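Okay, so here's the structure we're looking at.
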Amino acid sequence: MDTLEAFVAALPKVELHVHLVGSAPVETVLALARRHPEVGVSATVKALQEFYVFSDFTHFLNVYAVVSKLLRTPEDIAELVRGVGRNLAAQQVRYVELQVSPYPFQGSGMSDAAISEALSIGARDVLAACGR
Amino acid sequence: MISAGMNVSLNSDDPPMFGTSLSNEYLVAGRDLGLSPAELAELAANGVRASFLDQPAKQALLAEIAAVPLPE
């Protein structure tokens with residue numbers, strides 16, 4: 001790690017524009033793909049990393065749609081919030097304004113109350129893991 | 001944008017799907033756009049100022065940012 005990398009790593013940061021689904025770490029997608037084999041997403045790190053490589057906007061939208069399909073239950077949403085939160089906390093991100101669209105979750109049959117509760121559970125778990 | 005006086009902050013949108021992370025965006029700003037460490041810290045502080053945090057939380061976080069030693 002050079003001096004600039006060390007400085008950036010130590011710098012406390014905030015994140016004001018980041019999407020929940022678009023932040024899904026490969027490890028979280030892998031866990032969700034194994035939880036929901038019926039969705040048919042490759043459940044290996046290598047395949048997922050290759051799938052995640054940005055080629056153009058259309059492919060990006062496809063990746064986004066596939067990850068959305070893996071979010072079938074409130075527990076899946078909470079798991080994703082925990083994965084995204086861990087990832088951001090590791091970068092010294094101290095505060096996040098996370099963009100969340102309820103539409104794909106409503107499409108999977110989740111109520112607004114269930115979606116909201118799942119987000120709160122995930123956020124609470126992230127803060128607890130950070131000692132807050 | 002910075003020299004025009006805009007309140008510029010760095011944010012990452014859909015980071016893993018764009019092959020990046022928030023920290024990487026700071027590195028790109030430093031290496032490819034030529035911002036100094038002090039200017040990168042100012043971008044982080046700008047984000048705090050633009051956030052929905054309350055004033056005491058903003059002040060605390062701004063103090064933490066100011067406390068990080070700048071590399072030579």
Side-chain angles (χ1 to χ4, degrees), chain A residues 1-30 48-68 80 83-84 86-99 101 132, chain B residues 1-2 5-72:
Chain A
M1 192 183 284
D2 68 19
T3 52
L4 184 64
E5 283 171 3
F7 172 71
V8 166
L11 186 66
K13 294 175 271 298
V14 299
E15 173 55 272
L16 304 183
H17 186 106
V18 70
H19 297 269
L20 173 64
V21 172
S23 300
V26 164
E27 310 84 73
T28 303
V29 177
L30 187 65
L48 273 176
Q49 280 171 341
E50 285 168 9
F51 181 56
Y52 252 48
V53 173
F54 181 84
S55 54
D56 57 30
F57 200 74
T58 306
H59 178 69
F60 157 70
L61 290 177
N62 185 33
V63 172
Y64 201 99
V66 166
V67 174
S68 296
L80 178 55
V84 169
R86 266 195 303 272
N87 199 319
L88 289 167
Q91 299 177 67
Q92 291 296 322
V93 174
R94 302 296 177 78
Y95 169 82
V96 184
E97 291 173 13
L98 186 66
Q99 274 68 36
S101 165
R132 289 166 60 187
Chain B
M1 286 195 289
I2 293 170
M6 291 178 72
N7 188 58
V8 176
S9 64
L10 287 180
N11 305 281
S12 58
D13 204 15
D14 302 291
M17 296 180 185
F18 293 146
T20 191
S21 65
L22 186 60
S23 288
N24 186 60
E25 294 299 303
Y26 276 82
L27 291 174
V28 168
R31 288 178 181 150
D32 299 338
L33 304 181
L35 271 66
S36 68
E39 288 169 322
L40 296 178
E42 191 56 22
L43 293 183
N46 285 346
V48 174
R49 293 185 195 105
S51 74
F52 289 122
L53 282 166
D54 61 26
Q55 279 305 328
K58 283 184 183 178
Q59 291 308 324
L61 203 40
L62 289 170
E64 274 194 64
I65 290 170
V68 178
L70 296 173
E72 293 299 311

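Letters A, B, ... mirror the listed sequences (proteins, then strands); counts begin at 1. Computed from a predicted structure; not experimentally measured. Because only heavy atoms are used, hydrogens play no part in the values below, and waters and symmetry mates are left out as well, while side chains stay in.
Heavy atoms closer than 4.5 Å to chain B are found in the side chain of A:Val67, but not in its backbone. The parts of B:Ser51 that come within reach of chain A are both its backbone and its side chain, each placing non-hydrogen atoms under 4.5 angstrom from that chain. Proximity to chain A is limited to the backbone of B:Leu10, based on heavy atoms less than 4.5 angstrom apart. Contact annotation for A:Asp2: only side-chain heavy atoms (C-beta onward) come within less than 4.5 Å of a heavy atom of chain B. Using a 4.5 Å cut-off between heavy atoms, A:Glu97 touches chain B through its side chain atoms alone. If you measure heavy-atom distances from A:Phe51 to chain B, you find no contacts under 4.5 Å at all. Using a 4.5 Å cut-off between heavy atoms, B:Ala50 touches chain A through backbone and side chain atoms alike. Heavy-atom distances place no part of A:Val53 under 4.5 Å from chain B, backbone and side chain included.
Note that the CG atom of B:Leu22 and the CG atom of A:Leu11 stand 9.5 Å from one another [nearest 0.5 Å]. Rounded to the nearest 0.5 angstrom, A:Phe57 CZ and B:Met17 CE are separated by 11.5 Å. Atom OH of A:Tyr95 is separated from atom CG of B:Leu53 by 4.5 Å, given to the nearest 0.5 angstrom.
Listed here is the closest heavy atom pair of B:Pro37 and A:Leu4: CG-CD1, 4.4 Å. Shortest non-hydrogen contact noted between B:Pro71 and A:Thr3 is CB-CB, 4.2 Å. In terms of heavy atoms, B:Leu61 sits closest to A:Val14 at CD2-CG1, 3.6 Å. Considering all non-hydrogen atoms of both residues, A:Phe7 and B:Pro69 come closest at CD1-O, 3.6 Å.
Side chains of B:Val68 and A:Gln92 form no contact here, defined as non-hydrogen atoms less than 4.5 Å apart. Side-chain contact between B:Pro16 and A:Val26 is absent, with no heavy-atom pair separated by less than 4.5 Å.
Using cut-offs of 30° and 60° on the angle between ring planes, the pair B:Phe18 and A:Phe60 is tilted.
Chain B forms the most heavy-atom pairs under 4.5 Å with one residue out of A:Lys13, A:Gln91, A:Gln99, A:His59, and that residue is A:Gln91.
The contact list for residues 16-23 of chain A toward chain B, using heavy atoms and a distance under 4.5 Å, reads A:Leu16, A:His17, A:Val18, A:His19, A:Val21, A:Gly22, A:Ser23 by residue number.
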